[in-house]
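Written out below as C-alpha cells is the structure these notes cover.
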Amino acid sequence: MTKEAELTRSKQLALALLAAAAAVFVVTSLLPRGFWVDALRAVSEAAMVGALADWFAVVALFRKVPIPFIQHHTAIIPGNKHRIADNLAGFVEEKFLRPEALAAVILKTDPSTHVAEWLQSPDNRAYLARHLLKLLPEILATADDARIQQLLRDALNAAIGKLDLSRSLGTVLAGLTRDGRHQELLDDGIVALIGVVNRPATRDMIAGQIAAWLKREHATMELMLPTEWISESGAAMIARALQNIMEDIAADRDHKLRLKFDDMVQRFLARLESDPSFAARGEEFKRYLRDGDAFNNYIHGLWGSVRDWIKADIAGGDSRLHDGVLQAAGWLSEELLRHPAMRASLNQHLAGMARTLAPAFASFFTRHISDTVKAWDDRDMSRQIELNIGKDLQFIRVNGTLVGGMIGLLLYLSSQLIEWAAR
C-alpha cells in the first residue's frame, strides 16, 4: 500500500468515527429521554467535540482553516517553513555531526576490522575489483575531456608559478641535514666506497690503468720492468691507502675532511636561500616545465600510453588490474587482521580526520538541508510531510473521538451522581 493510500485509509477511519458519533447524537436526540439515552447522547456530543477539535489541530498544521479569529494560527508548517528549515539543519548538526560524536561512532564501530573481515571473502574482493574497474573508464573519460585537461594544466601551471624551487629545495635539504643527518649519509657513502675499492674488479681496473700509463709515458722502461707486478702492487697500495683514509674519516667525527664536507653542505644551503643564480636556474627550470614542448609532449605521450594500456587491460578478458586489486585487497585484509595495533591506529586516524573535517562538512551539509527545505514549494512541502507522518497524526483524531466520548460519559455520570446526592 502506498503512503497516499495509507493516509486516505487513516482519514476515512477518523471520519467514520466522527460520523458514527454524529449518528448516535441524532438518533438519541429523537428518542424519548432516559438514563441510557441521555448517557449515549452525552458520549456522542463529547466524542464529536473531541473529533472536531483534533481535526482542526491536525489540519491546521498543513493548511489554512478559514475560521474567524484563529485562521492566522493555521497553516503552521507552510507559514514557518524557513524556521523549520533552520531548526532541522541545527538539529542534524547538533545531534549527528558534532566532531566528537562522529569520532566516537568511528571508534565504537571499529571500521578497520569490519573492512578487513569483509575483504576476507573472495566474492567481496571480486565485487570491489569489478566496481573499481567500472569506475576507471569514467575517470579516464573525464581526464580526456579537453576542458578538464585545460583546467588541470592551468592549475598545474599556477602551482608551478607560485613555487620557489631554490628556496623549497633549500628547505627540504635543511630538513634532511638537521641534527647531522648528512653525516650519516657520508658514513654510508664511506662504507660503500670501501666496498667498491676492495672489489677484485676495481683493483684490476686500477692495475690496468697503471700498466697503460707505464706503456704510454715510459715505453722503454716498461719493457725492462716487471709491469704486471708493479701494476698489481700499485693497485693494492692505492686501494689500501684509500681504505685507510676512509676508515680514518669514519672513525673521527672531527676529521678535517668530514668538517669540510659539513661546511660545503652548509654553504650550499645558504646559496640556495640567497644566491640569485640559483633562483634564476629555478625560474628557468619552471619555464621548461610550463612551456617546454619536448617535456610537455613527453608527458602527453606518456599519459596516452598509460591510458591506452589501462583501457586495453580493462577490455581484455584477463585483466592484470583486476588481479592486482584482488591481491592488494587480500594482502590488506591479512595485514589488518594480523596486527590489532595497526587496526587501532587506523581507527584513531580516521577519528582524527572526522574531528578535523566534521566542522566544514557539517556546515556544508546543514546549509544544504536548510537551503533545500527553504526552496520547496509550500504546498509540496506540506504534502510531503503529511504523506510521511499524516497517517500517525490521524490517530490523534481517532483518539480524540474515543477519549472525548469517555470524558462525556464520565461527566454525565458525575452530573447524575451529584443530582442523586442532592435529593
Side-chain angles (χ1 to χ4, degrees), residues 102-103 105-107 109-163 165 168 172 285-286 288-358 360-361 364-365:
L102 291 176
V105 169
I106 291 174
L107 295 176
T109 55
D110 189 10
S112 58
T113 299
H114 286 301
V115 169
E117 291 175 347
W118 187 81
L119 290 175
Q120 279 285 289
S121 168
D123 292 339
N124 291 339
R125 294 198 295 271
Y127 175 86
L128 175 64
R130 187 166 58 252
H131 282 76
L132 284 178
L133 263 61
K134 284 183 179 179
L135 186 62
L136 268 178
E138 295 297 328
I139 297 175
L140 294 176
T142 301
D144 285 340
D145 188 294
R147 291 163 296 184
I148 299 298
Q149 289 183 351
Q150 186 61 46
L151 175 64
L152 295 175
R153 191 178 299 112
D154 291 343
L156 181 60
N157 287 340
I160 292 174
K162 294 178 181 178
L163 182 63
L165 287 178
S168 298
V172 172
F285 183 67
K286 284 162 57 176
Y288 172 73
L289 293 179
R290 286 197 309 262
D291 308 324
D293 291 337
F295 177 75
N296 284 280
N297 290 337
Y298 171 76
I299 294 298
H300 188 270
L302 180 63
W303 162 246
S305 299
V306 172
R307 177 196 57 207
D308 294 342
W309 180 86
I310 293 175
K311 288 182 177 180
D313 183 79
I314 294 174
D318 186 16
S319 172
R320 296 172 64 182
L321 286 173
H322 185 275
D323 294 341
V325 173
L326 291 179
Q327 294 174 7
W331 172 85
L332 178 62
S333 176
E334 294 295 336
E335 289 297 309
L336 287 175
L337 291 176
R338 189 180 298 116
H339 300 100
M342 184 188 299
R343 298 199 304 272
S345 178
L346 282 174
N347 290 336
Q348 289 291 343
H349 285 297
L350 289 174
M353 292 172 60
R355 292 188 188 97
T356 302
L357 299 176
F361 174 76
F364 166 79
F365 190 65

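Please read these numbers as outputs of a predicted model, since none were measured by experiment.
Side chain of T356 to backbone of G352: a donor-acceptor contact under 3.5 angstrom is found. Panel note: side chain N347, backbone S112; a donor-acceptor pair is recorded below 3.5 Å. Side-chain atoms of S333 never come within 3.5 Å of backbone atoms of A329 as a donor-acceptor pair (strictly under, hydrogens ignored). A side-chain donor-acceptor contact under 3.5 Å links H114 to the backbone of T109.
Between W309 and L321 there is a side-chain heavy-atom pair separated by less than 4.5 Å. Using a 4.5 Å heavy-atom threshold, the side chains of V325 and R125 count as separate. Residues L128 and N124 form no side-chain contact, since every pair of their non-hydrogen atoms from C-beta on lies 4.5 Å or further apart.
Looking at residues two or more places apart in sequence or on another chain, you find no ring pair (Phe, Tyr, Trp, His ring centres under 6.0 Å) involving Y298. R130 is linked by a side chain to side chain donor-acceptor pair (under 3.5 Å) to nothing, counting only residues two or more places apart in sequence or in another chain.
Atom CZ in F364 sits 13.5 Å away from atom CG in L357 (nearest 0.5 Å). Annotation: the span from M342 atom CE to L332 atom CG amounts to 8.5 Å, rounded to 0.5 Å. The distance from atom CD of Q120 to atom CG of L336, rounded to the nearest 0.5 Å, is 10.0 Å. Between D110 atom CG and E117 atom CD the span is 8.0 Å, to the nearest 0.5 Å. Remark: K311 NZ to R307 CZ distance equals 5.5 Å, nearest 0.5 Å. Rounded to the nearest 0.5 angstrom, S345 OG and L350 CG are separated by 9.5 Å.
Nearest heavy-atom pair across L337 and R343 is O-NH1, 3.2 Å. Shortest non-hydrogen contact noted between P137 and I314 is CD-CD1, 4.1 Å.
Sorted by first and then second residue, the salt bridge (Lys or Arg N to Asp or Glu O under 4.0 Å) pairs involving residues 330-341 (not counting sequence neighbours) are E335-R338.
Within a 6.0 Å sphere centred on CE of M353, other residues, nucleotides and ligands contribute 12 heavy atoms or fewer.
In this structure, Y127 and H131 have tilted ring planes: the angle between them lies in the 30° to 60° band.
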Run the side-chain contact (heavy atoms from CB on, under 4.5 Å) check on L102 and R355 step by step: do they pass? CA-CA 7 Å; L102 291 176; R355 292 188 188 97; over 6 Å; no
